[in-house]
Student: 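The following block contains the structure, expressed as C-alpha cells.
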2 protein chains.
Amino acid sequence: MPAPEKTTLDQIVTAARDLVEQLGIDDLTMQAVATRVGVRAPSLYKRVRDRNELLALVVASTIDALASQLDATLDDPDPRTRIRTQADGLRRFAHERPVGYALLFGAHGAPRGEPAALARSVTPLLDAVRELTGDEHALDGARLVTAWANGFITMELAGSLRMGGDIDEAWNWGLTRIIATLEPH
Amino acid sequence: MPAPEKTTLDQIVTAARDLVEQLGIDDLTMQAVATRVGVRAPSLYKRVRDRNELLALVVASTIDALASQLDATLDDPDPRTRIRTQADGLRRFAHERPVGYALLFGAHGAPRGEPAALARSVTPLLDAVRELTGDEHALDGARLVTAWANGFITMELAGSLRMGGDIDEAWNWGLTRIIATLEPH
DNA sequence: CATGAAGGCTACGATAATTAGCCATCGACG
DNA sequence: CGTCGATGGCTAATTATCGTAGCCTTCATG
C-alpha cells in the first residue's frame, strides 16, 4: 500500500459508536471522531462519504452487536423461556447502549439498517413464537412481542414511564401477559 | 405596548410544527421559521431562548393536540371498545403527523414533554383498562397497551415492519390479543 | 531509483445558530 | 402635545460544523 494508514474504517466506526453513546447523536462531530482516532477531520472523508454514512455504519455495527448478543441464546426447550430470554436480552442491550438502541429503532430520521441484518436478529424470536402460535400467526406474534418490548424500552429510556410503580415489575408482568396471549386457548 | 408586533409566540410554534412535519426535525432552521412568520431569524430570539426551547414548545403543542384528539373519545360502555378507540386514535394521529409523533415518543434526545400533559393524554385509557384488570394492575395494563401501541407505530413509521403481511391486520390482531390478555381469566 | 496511488494535511467556502448593538414605534406621563 | 423608555425588529458579526480543493509525503512496484 501507498502510505502508512493512521487509522482504519473499523476504528472510525468504533470511535463514532462510543462517542455517540457518550455525547448523544447530535453532538457527535467529525472533529471528535477524528481526534479520537488520531487524524484530522478531513481525513475521515477518505474512508466515509459523509456524516450520514458514518451514522449508518454505526447503526449497522450496533445491529450486529445486538444480533450477536441475542444469538447467544441458550437452547431452552421451552419456547416461553426462549422468548423471555430474548426480550430480556433486548432490554439489557438497550440499557447498556441507550443511544445506540434509540438509533436503531424509531429514533428520528435515523438511517435504517439493512433488512437482512435486522431480520437475522429477529429469527430466534420468530422461531420460538412459532412454536406457540403455529405457522399462521408466527409473524403476527413476533411483531406483537417486538412491538411491545420495543415500545416499553423506548418509553423507559425516554423517561415516559415515570408515573410511579416498579418498572421491572411492569416489564415482567407485561412479558408474562404477552407470552400467555400467544398460546392457543 | 411599545412597538407593533409582527408575530406571536403562537404563530412561531405553529410554523415550527408545520415545518418540522414537512422537512423533518434536522432541516428545521430558524431561518425557515422566521421567514414563515414574516420576520428575520434573530427576532425569533425575542420570543424563544434557542432552537431547543422552540422544539420543546413544538413537542408540548403536539402533546396537547394528541390529548385533545384522544379526549374526544365517545363514552362507549364497553371498556374494550374504548381501549380500541384510544389505540386507533393514537395510530391515526401518528399517521397524520409522523414526525411530531416520533418527536413525542422516544425519538433521539427529544425534549420530553411535561409529565402533566402526558398524564392527561393517558387518563382515559387508564380508566378503561382499570375496568378490565381491576385497580391493582391498572397501571401495568395501561403500560402494556401503550408500550405495544407505541412500539408498533414506531416500527411502522420507521419501516421496520416490512417483512410482508398486512400491517393493518397485524395491528388489529395484536390489539385484540392485548385487550384479551387484560381480562381476568 | 523513479513513480503514482493512497492517505494525510492545511486552507477554504457554505450554512446555521446565536449574540451584540442600533433603530423605530407608541403608550404613559408630565 | 412633547418626551421617554421598554419592546421588538434589524443588520452585522461571531462561532461551529460539514464538506471540498488542492498539495505533500510515503512506499510498493517495476
Side-chain angles (χ1 to χ4, degrees), chain A residues 1-61 99-100 103 107-112, chain B residues 1-61 99-100 103 107-112:
Chain A
M1 282 90 208
E5 314 187 345
K6 302 177 69 173
T7 185
T8 65
L9 182 57
D10 254 9
Q11 280 183 42
I12 291 172
V13 173
T14 300
R17 211 177 59 186
D18 292 349
L19 286 171
V20 159
E21 210 57 61
Q22 284 179 26
L23 310 172
I25 184 170
D26 287 334
D27 291 339
L28 176 81
T29 68
M30 300 301 270
Q31 266 292 337
V33 176
T35 301
R36 196 65 164 293
V37 299
V39 300
R40 303 295 183 132
S43 299
L44 296 179
Y45 294 85
K46 291 288 163 95
R47 312 293 175 88
V48 162
R49 187 185 352 277
D50 57 20
R51 187 173 177 276
N52 277 328
E53 186 176 280
L54 178 54
L55 287 179
L57 289 173
V58 168
V59 167
S61 160
V99 181
L103 210 54
H108 77 122
R112 305 181 227 111
Chain B
M1 283 92 203
E5 314 187 345
K6 301 176 70 173
T7 187
T8 65
L9 182 57
D10 254 10
Q11 279 182 42
I12 291 172
V13 173
T14 300
R17 210 177 58 187
D18 293 350
L19 286 172
V20 158
E21 210 57 60
Q22 284 179 28
L23 311 173
I25 185 172
D26 287 334
D27 290 340
L28 177 81
T29 69
M30 300 301 270
Q31 266 292 338
V33 176
T35 300
R36 196 66 164 293
V37 299
V39 300
R40 302 295 184 132
S43 300
L44 296 179
Y45 294 83
K46 293 288 162 100
R47 313 292 175 88
V48 162
R49 184 179 359 273
D50 57 21
R51 188 174 177 276
N52 278 328
E53 185 176 280
L54 178 53
L55 286 179
L57 290 173
V58 167
V59 167
S61 160
V99 181
L103 210 53
H108 78 124
R112 306 180 226 111

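Because only heavy atoms are used, hydrogens play no part in the values below, and waters and symmetry mates are left out as well, while side chains stay in. The model shown is predicted, which means the values in this text are computed figures rather than measured ones.
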Student: For A:Lys6 and D:dT25, give me the distance from atom NZ to atom P, rounded to whole Å.
Tutor: 14 Å
Student: Calculate the interatomic distance between B:Arg40 atom CZ and D:dC10 atom P; express it in whole Å.
Tutor: 6 Å
Student: Would you say the side-chain atoms of A:Ser61 pair up with the backbone N or O of A:Leu57, donor to acceptor, closer than 3.5 Å?
Tutor: no
Student: Within this structure, what is the CG-to-P distance between B:Leu44 and D:dT7, rounded to whole angstrom?
Tutor: 18 Å
Student: From CG of B:Leu9 over to C1' of D:dT7, roughly how many Å is that when rounded to an integer?
Tutor: 15 Å
Student: Mind checking whether B:Leu19 and B:Asp27 have side chains closer than 4.5 Å, heavy atoms only?
Tutor: no
Student: For the pair made of CD in A:Glu5 and P in D:dC27, what is the distance, rounded to whole Å?
Tutor: 12 Å
Student: What does B:Thr7 touch in the nucleic acid at a heavy-atom separation under 4.0 angstrom: a base, only the sugar-phosphate, or nothing?
Tutor: sugar-phosphate
Student: Quick one: A:Leu23 CG to D:dT17 P, roughly how many Å, whole number?
Tutor: 11 Å
Student: Any donor and acceptor pair, going by atom type alone, linking the side chain of A:Arg47 with main-chain N or O of A:Thr7 inside 3.5 Å?
Tutor: yes
Student: How would you summarise protein contacts on nucleotides 11-21 of chain C per nucleotide, using B for base, S for sugar-phosphate only and - for none, with heavy-atom distances below 4.0 Å?
Tutor: B----SSBB--
Student: Roughly how far, to the nearest 0.5 Å, is CG of A:Leu44 from CD of A:Gln31?
Tutor: 9.0 Å
Student: Does the side chain of B:Ser43 get closer than 4.0 angstrom to OP1 or OP2 of D:dG8 through an N or O atom?
Tutor: no
Student: Answer whether the closest heavy-atom distance between the side chains of A:Arg36 and A:Asp18 falls below 4.5 Å.
Tutor: yes
Student: Taking all non-hydrogen atoms of both residues, which atom of A:Ile25 and which atom of A:Arg51 are closest, and how far apart?
Tutor: O-NH2, 2.9 Å
Student: In whole Å, what is the span from the CD atom of B:Gln11 to the C1' atom of D:dG9?
Tutor: 15 Å
